[in-house]
Number of protein chains: 2
Amino acid sequence: MEQKIFQEFLGERGLKLTKERAAVLREVFSFHGHFEPEHLYFRIRGSGSKASRASVYRTLSLLVESGLVEKVTRTDRGNVYEHTYGHRHHDHMICDACGGIIEFYSEKLESLQAEICEQNSFSGSSHTLEIRGRCETCQGKGLEDR
Amino acid sequence: MEQKIFQEFLGERGLKLTKERAAVLREVFSFHGHFEPEHLYFRIRGSGSKASRASVYRTLSLLVESGLVEKVTRTDRGNVYEHTYGHRHHDHMICDACGGIIEFYSEKLESLQAEICEQNSFSGSSHTLEIRGRCETCQGKGLEDR
DNA sequence: CATTCAATTGAAACTTAATCTCAATTTCAG
DNA sequence: CTGAAATTGAGATTAAGTTTCAATTGAATG
């Protein structure tokens, strides 16, 4: 299904669904969760398929443009992505101690975005709310920030 | 005033308020708005003071730790900061067309953060809400995303 | 004032993610 | 098939940010 969508997206731009792009797409959708480009690159190598680092990055950009994948956040070490097709929009809480990412969804937040945009004559298309702090297991342990 | 706070912060750690650190501090608080480290570095050079790139980055980290400065967002080209002392917390809307940043504050959002954290047993210390879209002047102009 | 020693600095080397280059290869419409 | 256009990968490049380390500074002490 996601392949069909991606193929259509590529078609509209006169681009082709090559082996490499298909490999990246397959790998991205082979699991649920967050990933970094480098991590993805190694997963692909380890899965029999092949695609250079350059192709991984290039395809990732296309996937984001197509709406199948989203950039979750930027860390000091690079970007974190997740596939969004088939998943409802959600936001994230990030633990400063262990780096863990917790997903949450809030209907109130969605309507609040609309309200805030209206007040500022802004035409909002998306938002990212990132809450930082300590997750349940890291609380009260005196751990350093990462 | 901010110098006093910074000095106290440094004192607690056995660090000194050197010429270079003072220059960075002064420059950061000499204007209101967002800035990038590189930009700050050149402002300092142009203002008679001096501080190496390394010192600028090092001091910026200290300022963030002291709470006087906050990292606003990460762009593809680096981090964006702003001084927060004397300013109430706020969030940002970023125009995809012109890159402009609009600040806003929402009481509802603040209480919503508390509510969401509670629901997830997360101990939240801060949040960043970034709304992306088109600002008033860029709407309906068919401009490309940056 | 001299001494001392940890803190600090700056220039340059380094790191790392990400992008770009370009010759070689693949794809596909005709 | 054939040729134009798209694509690829290896490696070079870029740029933000960090680290290294020898030289300098400066506060405290004798």
Side-chain angles (χ1 to χ4, degrees), chain A residues 6-28 34-45 48-66 69-81 99 144-146, chain B residues 6-28 34-45 48-66 69-81 145-146:
Chain A
F6 193 39
Q7 205 151 19
E8 183 156 336
F9 167 81
L10 293 172
E12 284 169 8
R13 304 194 167 201
L15 306 178
K16 297 156 191 173
L17 182 61
T18 60
K19 289 190 290 301
E20 290 81 1
R21 284 174 182 159
V24 173
L25 178 71
R26 193 183 325 117
E27 201 57 35
V28 165
H34 305 97
F35 62 90
E36 292 158 43
E38 197 69 3
H39 186 205
L40 183 61
Y41 170 60
F42 283 111
R43 281 183 65 100
I44 290 169
R45 309 208 99 198
S49 313
K50 69 183 201 25
S52 67
R53 223 178 289 265
S55 285
V56 170
Y57 277 100
R58 283 188 286 232
T59 305
L60 220 31
S61 295
L62 291 170
L63 286 168
V64 169
E65 284 181 64
S66 77
V69 168
E70 257 178 36
K71 200 177 277 188
V72 173
T73 187
R74 278 174 228 261
T75 72
D76 286 331
R77 289 158 210 113
N79 296 326
V80 177
Y81 295 86
E144 294 270 314
D145 280 5
R146 292 177 8 129
Chain B
F6 193 39
Q7 203 151 21
E8 183 155 336
F9 167 81
L10 292 172
E12 285 169 7
R13 305 194 167 200
L15 305 177
K16 298 159 190 169
L17 183 62
T18 60
K19 290 191 289 301
E20 289 81 0
R21 284 175 183 158
V24 173
L25 179 70
R26 193 182 327 116
E27 201 56 37
V28 165
H34 304 98
F35 62 89
E36 292 158 40
E38 198 70 2
H39 186 204
L40 183 61
Y41 170 60
F42 283 109
R43 283 183 65 99
I44 291 169
R45 310 209 97 198
S49 313
K50 68 182 201 27
S52 66
R53 222 179 289 266
S55 285
V56 171
Y57 278 101
R58 284 189 284 233
T59 305
L60 220 32
S61 296
L62 291 171
L63 286 169
V64 170
E65 283 181 65
S66 77
V69 168
E70 256 178 39
K71 198 176 278 186
V72 173
T73 187
R74 277 173 229 263
T75 73
D76 286 332
R77 291 158 209 111
N79 296 325
V80 177
Y81 295 85
D145 280 5
R146 293 175 9 128

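Protein chains get the first letters and strands the later ones, always in sequence-line order, with residue 1 at the start of each. Here the structure is a predicted model, which means the values were calculated and not measured.
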Run the numbers on Val64(A) and Tyr81(A) for side chain to side chain contact (heavy atoms under 4.5 Å, CB included), then give the verdict.
CA-CA 9 Å; Val64(A) 169; Tyr81(A) 295 86; 3.8 Å; yes
Any chance you could lay out the side chain to side chain contact (heavy atoms under 4.5 Å, CB included) test for Leu62(A) and Leu15(A), step after step, and finish with the verdict?
CA-CA 10 Å; Leu62(A) 291 170; Leu15(A) 306 178; 4.0 Å; yes
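Note: NZ (Lys50(B)) to C1' (dT24(D)) measures 10 Å, nearest angstrom. Arg13(B) has its CZ atom 13 Å from the P atom of dA7(C), to the nearest Å. If you measure from atom CG of Leu10(A) to atom C1' of dT7(D), you get 12 Å, rounded to the nearest angstrom. Note: CZ (Arg74(B)) to P (dT16(C)) measures 16 Å, nearest angstrom. The separation between Tyr41(A) atom OH and dT16(C) atom P is 16 Å, rounded to whole Å. Between Phe35(A) atom CZ and dA18(C) atom P the separation is 12 Å, expressed in whole Å. Rounded to a whole Å, the CD atom of Glu36(A) is 8 Å from the P atom of dA17(C).
Taking 4.0 angstrom as the limit, Ser52(B) places none of its side-chain polar atoms (N or O) nearer than this to OP1 or OP2 of dT9(C). Listed pair Asn79(A) / dA17(C) fails the phosphate criterion, with no side-chain N or O lying under 4.0 Å from OP1 or OP2.
The shortest non-hydrogen separation linking Ala51(A) to Tyr41(A) is O-CE1, 3.3 Å. Considering every non-hydrogen atom in both Phe9(B) and Glu65(B), the closest pair reads CZ-CB, 3.8 Å.
Sequence order on DNA chain D of the closest nucleotides to Arg45(A) and Tyr81(B) puts Arg45(A) first from the 5' end.
Residues from residues 15-25 of chain A lying near DNA chain D, meaning a heavy-atom separation below 4.0 Å, are Leu15(A), Lys16(A), Thr18(A), Glu20(A), Arg21(A) in numerical order. Residues of residues 56-63 of chain A that place a heavy atom closer than 4.0 Å to DNA chain C, in numerical order, are Tyr57(A), Arg58(A).
Of the possible polar contacts, one joining the Arg74(B) side chain to the Arg74(A) backbone as a donor-acceptor pair under 3.5 Å is found. No donor-acceptor pair under 3.5 Å is formed between the side chain of Ser49(B) and the backbone N or O of Arg45(B).
Between Leu40(B) and Val24(B) there is a side-chain heavy-atom pair separated by less than 4.5 Å.
Neither side chain, Ser55(B) nor Arg21(B), offers a donor N or O lying under 3.5 Å from an acceptor on the other.
A search for side chain to side chain contact (heavy atoms under 4.5 Å, CB included) contacts involving His39(B) returns Phe35(B), Glu36(B), Arg43(B), not counting sequence neighbours.
Nucleic acid contact class of Asp76(B) (heavy atoms, under 4.0 Å, all strands): none.
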